[in-house]
**Student:** 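Before I ask anything, let me first share the structure, which is written out below as structure tokens.
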2 protein chains.
Amino acid sequence: MDNSGVFTEPHAHGACGHHVLGDDCRFCSIRRLSVCSALDPDELSFLEDMSGDAAFEEKSTLFRQEDEAFSVYNITAGVVRLVRSLSDGRRQITGFALPGDFLGLALEKSWKFTAEAVTDVKACRFKRSTFDDFSEKKPHLMRRMHEFATHELSLAQDHMVLLGRLTAEEKIASFLVTMKRRWTRVEGHELGLIRLPMGRQDIADYLGLTIETVSRVINQMQRDRKLVIVPDGIRFVDADYFEHRALA
Amino acid sequence: MDNSGVFTEPHAHGACGHHVLGDDCRFCSIRRLSVCSALDPDELSFLEDMSGDAAFEEKSTLFRQEDEAFSVYNITAGVVRLVRSLSDGRRQITGFALPGDFLGLALEKSWKFTAEAVTDVKACRFKRSTFDDFSEKKPHLMRRMHEFATHELSLAQDHMVLLGRLTAEEKIASFLVTMKRRWTRVEGHELGLIRLPMGRQDIADYLGLTIETVSRVINQMQRDRKLVIVPDGIRFVDADYFEHRALA
DNA sequence: CGCCATGTTGATTTCTATCAAATTGAGTGG
DNA sequence: CCACTCAATTTGATAGAAATCAACATGGCG
């Protein structure tokens with residue numbers, strides 16, 4: 001069921017630590033967005049030698065909470081959901097990783113969340129120990145990692161405000177505005193369409209709502225001519241409405 | 001009103017960057033908990049020379065969101081609330097800083113939250129630029145900062161689960177259990193009392209509830225003989241109940 | 001074509017917020 | 001020492017937003 005195509009850490013690890021698919025960091029389209037932007041050509045080539053490409057099928061699991069973190073990942077294509085689950089089945093999605101996002105900032109041995117592929121995903125994988133050794137010797141990279149971590153922390157705080165203090169309507173509006181900004185950044189140009197590759201349940205679990213409420217609010221927004229629902233996402237009709245309702 | 005004793009960054013900054021009150025890092029009681037635990041005696045003495053003590057009165061503001069971050073702080077005594085506010089007055093407290101906690105992990109110029117003294121607070125203050133230069137040269141310290149940042153990130157994710165998916169009762173139980181653990185760590189030994197120096201409104205703004213709900217739930221717990229309310233905090237009566245209801 | 005996952009819509013309940021009023025309690029000044 | 005004040009907290013009554021329960025619709029895919 002959920003296990004089709006699962007590619008968990010311990011098994012995945014065997015094939016990594018060396019160059020697998022031969023992609024070239026110099027031509028990496030998301031490098032400017034990633035931790036790798038801190039590196040000069042020599043460093044990049046070194047990093048390339050210790051990296052391997054990884055692909056994950058839609059609905060497969062990159063790794064699970066509590067698993068030992070043998071690898072770290074730079075997402076290069078697709079969307080990953082980061083999930084924390086309670087024993088009774090309640091879920092909170094703490095974030096969606098898009099191309100350019102890095103998984104493995106934490107220095108602890110085990111993952112603190114489960115990562116699942118929302119779409120087919122491609123990632124640049126590094127053996128954790130090698131990557132750590134390298135960053136230990138390259139203050140550039142360590143600093144960049146730290147920048148990423150503190151930026152994530154700031155985003156996490158934004159999300160706490162959203163979860164703790166916004167109404168359902170405000171949550172949805174904020175989410176859509178954020179997704180629009182993130183996709184624009186990734187794609188390098190604004191698209192009329194706001195891609196929503198994740199399902200309604202994922203959106204609900206990200207916003208601390210139920211799937212019914214997410215569906216109702218989005219469809220009400222459509223009836224109110226604030227947006228239109230299209231295949232794979234939505235399109236803003238009244239962008240002002242959204243800017244006004246999303247938290248800065 | 002809220003401005004009595006305010007000690008904002010720009011003004012505070014004038015008196016810092018050198019040793020002010022003469023406390024000795026070697027005898028710092030919270031060093032083992034702080035970023036400073038990464039340092040050897042020489043480094044500690046260097047850091048001491050560039051540090052200054054700062055004191056903030058109860059209810060005063062250490063710094064405000066958007067202010068330029070001239071200094072970074074190591075809290076040595078008291079409790080600080082970290083606040084994000086919406087334009088319409090809604091507040092979300094993203095965390096409480098206790099002794100040993102560090103404010104200024106982010107590398108960005110401006111603060112991403114407001115910090116207010118819940119009690120009288122003492123802190124070890126460093127000029128931001130000096131501290132950054134120092135950490136740039138000391139991978140030890142940079143790594144330690146990064147560890148702190150990623151640990152905070154993990155705590156932030158815990159808090160997202162709390163805000164998004166727990167009931168009022170579970171939120172309060174989790175909060176109390178966490179405060180118990182944190183105070184035990186700070187004080188080095190377990191105390192029967194769980195100190196709650198922050199008011200009910202602060203607890204509400206931390207848990208995404210209203211003050212009335214916080215009051216009601218805590219008082220109901222007292223009626224149910226799960227805890228007793230005492231001056232400055234609460235005392236667990238049925239510790240099992242709390243362990244069972246708090247998220248791992 | 002029909003199946004099953006996903007999403008939508010409707011009816012109702014429930015939890016928590018809101019509105020409103022007492023109560024407590026620390027600090028102040030007579 | 002005690003009355004007074006003001007803020008913080010508690011308690012009660014009611015409202016409301018979102019959850020829950022329950023069908024029903026859609027749509028991609030074998």
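Reminder, nothing fancy here: chain letters follow the sequence lines and each chain counts from 1.
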**Student:** Distance alone, cut at 3.5 Å: any donor-acceptor contact between the side chains of B/Q157 and A/R84?
**Tutor:** yes
**Student:** Between A/S154 and A/H151, is there a donor-acceptor pair closer than 3.5 Å when you use the side chain of the first and the backbone of the second?
**Tutor:** no
**Student:** Could you check whether B/K112 pairs with B/D67 (Lys NZ or Arg NE/NH1/NH2 to Asp/Glu carboxylate O, under 4.0 Å)?
**Tutor:** no
**Student:** Give the rounded distance in Å between these two atoms: CG of A/D205 and P of D/dA19.
**Tutor:** 11 Å
**Student:** Let me check the geometry of the helix from C/dC1-D/dG30 to C/dG30-D/dC1. What is the bend angle between the axes at its two ends, five pairs each, to 10°?
**Tutor:** 30°
**Student:** Is B/R195 salt-bridged to B/D232, going by a charged N under 4.0 Å from an acidic O?
**Tutor:** no
**Student:** Please verify the inter-ring angle class for B/Y73 with B/F56; under 30° counts as parallel, over 60° as perpendicular, anything in between as tilted.
**Tutor:** perpendicular
**Student:** Using whole Å, what does the distance between atom C1' of nucleotide D/dA18 and atom CG of A/L163 come to?
**Tutor:** 15 Å
**Student:** Could you check whether B/R90 pairs with A/E170 (Lys NZ or Arg NE/NH1/NH2 to Asp/Glu carboxylate O, under 4.0 Å)?
**Tutor:** yes
**Student:** Would A/R182 and A/D101 pass as an ion pair if we require N to O under 4.0 Å?
**Tutor:** yes
**Student:** Flag yes if more than 12 heavy atoms outside A/R91 fall under 6.0 Å of its CZ atom; otherwise flag no.
**Tutor:** yes
**Student:** Between the protein and nucleotides 25-30 of chain D, which nitrogen or oxygen pairs come in under 3.5 angstrom?
**Tutor:**
none

**Student:** Calculate the interatomic distance between A/L209 atom CG and D/dT20 atom P; express it in whole Å.
**Tutor:** 11 Å
**Student:** Before accepting this row, confirm whether a basic side-chain N of the pair B/K180/B/E190 lies closer than 4.0 Å to the acidic partner's carboxylate O.
**Tutor:** yes
**Student:** With the sugar-phosphate defined as primed atoms, P, OP1 and OP2, and the base as all remaining atoms, what B/S/- string results for nucleotides 8-16 of chain D, 5' to 3', for protein heavy atoms under 4.0 Å?
**Tutor:** -SBBBB---
**Student:** Rounded to whole Å, how long is the line connecting atom CD of A/E169 with atom P of D/dA17?
**Tutor:** 11 Å
**Student:** Take the protein atom CG of A/L162 and the nucleotide atom C1' of D/dA18, then report the distance between them rounded to whole Å.
**Tutor:** 15 Å
**Student:** Taking only Lys NZ, Arg NE, NH1 and NH2, and the carboxylate oxygens of Asp or Glu, determine whether A/R181 and A/E243 approach each other closer than 4.0 Å.
**Tutor:** yes
**Student:** Between A/L196 (CG) and C/dT6 (P), how many Å, whole number?
**Tutor:** 16 Å
**Student:** Just how far, in rounded Å, is P of D/dA17 from CZ of B/R90?
**Tutor:** 13 Å
**Student:** Check B/R245 with B/D238, please: is the shortest side-chain N to carboxylate O separation under 4.0 Å?
**Tutor:** no
